[in-house]
Structure formats: structure tokens, C-alpha cells
A.B. asks: 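Okay, here's the structure, questions in a sec.
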Amino acid sequence: MLGLGLALAMGAPLNAQQGRLALTDAFVSKNLNDAVEQYRTLIEKVPEGVLPRTIDKATGNLVTAKSNSWISGFYPSTLLYLYEYSQEADLLLEAEKRLQLLEKEKDNKRTHDLGFMLYCSFGNALRLTGNKDYESVLLTGAESLASRFNPTVGSIRSWDHNGDKWKFPVIIDNMMNLEFLNWASRVSGNPKYIDISKKHANTTLKNHFRADNSSYHVIDYDPETGAVRNKHTHQGADHESAWARGQAWGLYGYTMMYRDTQDKAYLNQARKIAAFMLNQPNLPEDGIPYWDYSVSGPDVPRDASAAAITASALLELSGMVKGKERKRYLRAAEHILTSLSSPAYKADIGTNGGFLLMHSTGHFPGNSEIDVPLSYADYYYVEALMRYRDLLAR
Ligand code: GLY
């Protein structure tokens with residue numbers, strides 16, 4: 001969730017040879033201005049005391065997330081980026097009001113999703129306001145997340161559900177929660193958190209990836225021995241397929257881990273994941289993937305959320321490499337952002353229940369949230385635009 005001022009600081013300056021930026025200030029401003037206007041229409045629709053996640057396809061009514069859902073923090077988190085962009089105080093006010101609903105999750109030791117829930121929200125709030133109360137919430141939350149680490153496995157346990165099927169499931173999505181732990185070590189001075197984070201990233205590197213650099217969704221470990229019991233999927237088409245959002249989480253996660261540790265193994269993994277994704281024969285012309293890379297066809301739903309996460313990650317990755325490779329990541333991210341900002345994916349203001357993007361897929365095999373707006377698609381789309389804005393300002 002880091003702003004690119006820091007995230008790209010390590011990259012060499014952009015220049016004409018290495019990858020001139022193809023999108024303009026006007027493009028980015030137009031889309032961020034539209035996002036502010038659209039989120040004002042969403043604010044109008046969100047009753048007190050709830051956190052939005054999507055709309056009901058049949059009725060168009062708002063669907064909300066419980067505070068303990070992995071999705072719960074994305075609404076205030078998006079508002080915080082939009083506040084950062086616009087400096088409009090009402091957006092900060094609305095975000096801070098919703099943070100109060102999330103705060104209790106700092107003590108939640110039953111989920112690995114605390115990075116999504118707390119770091120994107122309270123982390124951005126702390127960055128933008130400097131309010132030390134937010135730091136204290138975050139440090140408590142990081143301790144809760146760290147409590148799920150098993151040193152024998154070398155991983156943080158993802159889920160507690162499906163105990164009949166899995167003993168110690170770890171999903172590729174969990175790479176995204178490591179940024180929170182890295183932050184906690186920087187701020188507290190206690191290396192415990194980043195040590196856990198690195199061990200988790202190394203274990204994932206060892207067991208989650210196939211020879212073609214695509215990733216399994218769920219690796220189930222034996223918590224007593226650390227042995228791999230199963231390589232499964234939960235949200236993908238089948239155990240051996242490449243679930244589109246899972247690949248995006250891996251790309252973003254290893255790019256972020258390189259930023260935070262400077263360990264080249266993480267950069268190499270991010271590059272390999274990018275190569276897998278960008279060489280996919282099933283990737284549609286517009287760069288927005290089907291919900292799983294193994295499926296295709298005119299009626300197969302896309303996943304705009306996977307595309308938004310990928311664009312944001314590629315923009316960061318482009319700052320870590322040089323020459324043609326940098327250009328390739330920039331062009332791919334620009335292509336995705338152009339498609340997402342077109343009427344095919346970006347809703348007209350006042351439509352789509354107030355959400356920005358259409359056509360995301362939450363959980364296809366679970367027949368849940370298919371071809372809908374999703375709060376996290378909006379978050380990573382706005383993040384990618386903010387990252388691009390930082391690049392234009394360099
Ligand atoms: N982290 C859950 C998902 O991507 O659906």
C-alpha cells in the first residue's frame with residue numbers, strides 16, 4: 001500500500017530510452033477526479049455503521065462486509081487515497097469514521113488477513129495524518145498476525161475453516177499481509193516481524209510455484225512436521241490451474257518483499273511471475289484476464305480486480321529493473337489502466353452502486369460475486385493511478 005514516492009525510490013530515473021511514460025497527467029487526473037466524484041455517490045449510499053463490499057446484481061443494492069472479513073478495510077483505504085489526491089477533508093472524515101468499525105480487528109487472531117484489513121486502512125491513515133493512535137492499533141494488529149506463524153512450517157496459517165480438508169492451509173494471497181509485518185519491525189525496532197515475513201516468503205517460494213512459475217492457491221502443511229500435505233485450489237478452476245487474482249497477489253507480494261528486504265530472490269520471483277502472466281495465451285487483447293488463466297471465451301467472466309492489482313504491482317516492479325524490461329512492465333500496466341479506465345470497465349458516475357470498476361470476480365467456484373464491482377478492485381485501481389501520478393511527477 002506504500003505510496004510510490006518511497007516504493008520507487010530505488011529505481012533509476014525514467015528517461016526516454018528506459019521507458020517514456022505513455023499516459024498523461026490529464027488521463028490520471030481525469031480518472032482520479034472521476035473516482036472522487038463517484039465515491040461521493042457511494043458515500044451517500046452507505047448507511048452508518050457498515051463497510052461496503054459490492055452490490056447485489058439482481059437489485060443493485062449495497063452489500064456490506066463484516067469487520068472481520070478480509071474485504072472490510074478497502075472502503076476507508078480507497079477514501080484515504082482519494083483524500084491524499086484531492087485533499088478534500090470530507091473524504092478523510094468518512095474514512096476515519098469507518099476505521100472505528102475496524103479497530104477491534106486488531107485483536108483478531110483467527111485470520112491472516114490483517115494486512116489487508118488493517119495495514120491498507122490504518123497504515124494509510126497513519127501515513128497521511130501522523131495520528132499515533134493508529135500506530136498503536138497497527139502494532140497490536142501485527143502482533144495478532146504474528147501469532148499465526150508456525151516455525152515448524154515456516155509460514156503464517158491462512159485459514160482456520162475447512163478443518164476436515166486442510167490442517168494448515170497457506171494461500172498465495174497471504175504474501176500481501178507481509179508488508180504489515182515488515183512495517184511493524186521498522187517501527188517497533190523488533191526484528192521478529194520481518195523475520196516471520198521472510199520465512200513465510202521463503203516457504204511460499206519453495207512450495208507454491210510450479211515449473212512454469214504459476215502458483216498454486218492453497219498449500220496445506222502438516223503443522224507437526226512442516227511437510228506439504230496437499231496442493232489445492234479454493235477459488236481457481238482446478239488444483240492445477242492458475243487463478244488470476246492469485247497470480248496477481250504473488251506478483252505484488254514478491255515485488256513488495258524485494259522493496260522491503262533488497263533480497264534478489266524476491267525480485268527474481270516477481271520477474272518470473274510477471275513473465276508467466278504477460279505471456280499468457282489466454283490473456284484477452286484488453287489485458288484484463290479471465291478469472292482463471294485456464295479458461296477463456298466470450299461468456300467467461302473477467303476479473304478486473306486481478307488486473308488492477310497487476311497494474312499496481314507492475315508499476316512498482318518497473319522501478320526495480322532497467323531498459324526493455326522496465327518498458328515492458330510500464331507498457332503492460334499502462335495498457336491495463338487504459339482498459340480499466342474505459343467505459344468497458346469504469347462505470348459512469350452515479351451507476352454501479354457508486355463503485356468505480358465493473359466486471360470483477362470474487363469466487364467463481366463458490367458461485368459468489370461473479371462479474372460485479374468489488375471494493376478491492378477499486379482500491380488497487382486507485383492505488384495504481386496514484387503510483388502512476390508519482391511516476392509522472394518524478
Ligand atoms: N484474498 C481473498 C481473495 O483474493 O479472494
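Every number for a ligand or one of its atoms is a count from 1 in the order of the listing. This one's a predicted model, so the numbers in the text were calculated from it and none came from an experiment.
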A.B. asks: What residue and heavy atom of the protein are closest to atom 5 (O) of ligand 1, and at what distance?
C.D. replies: R245 NH2, 2.6 Å
A.B. asks: Tell me: protein heavy atom nearest atom 1 (N) of ligand 1, and distance?
C.D. replies: D173 OD2, 2.8 Å
A.B. asks: Taking the basic N atoms (NZ, or NE/NH1/NH2) and the acidic carboxylate oxygens, is any pair closer than 4.0 Å for R98 and E94?
C.D. replies: yes
A.B. asks: Can we say E334 and K327 salt-bridge, meaning some charged N sits less than 4.0 Å from an Asp/Glu carboxylate O?
C.D. replies: no
A.B. asks: Can you tell which part of Q235 has a heavy atom less than 4.0 Å from ligand 1: side chain, backbone, both or neither?
C.D. replies: side chain
A.B. asks: Tell me, please, whether Y216 has R210 positioned over its six-membered ring: NZ or CZ under 6.0 Å from the ring centre and within 45 degrees of its axis?
C.D. replies: yes
A.B. asks: Under 3.5 Å, N or O to N or O, is W249 touching ligand 1 that way?
C.D. replies: yes
A.B. asks: Going by the ring-ring contact (aromatic ring centres under 6.0 Å, His included) test, name the single residue among F355, Y252, F74, Y39 that passes it with Y379.
C.D. replies: F74
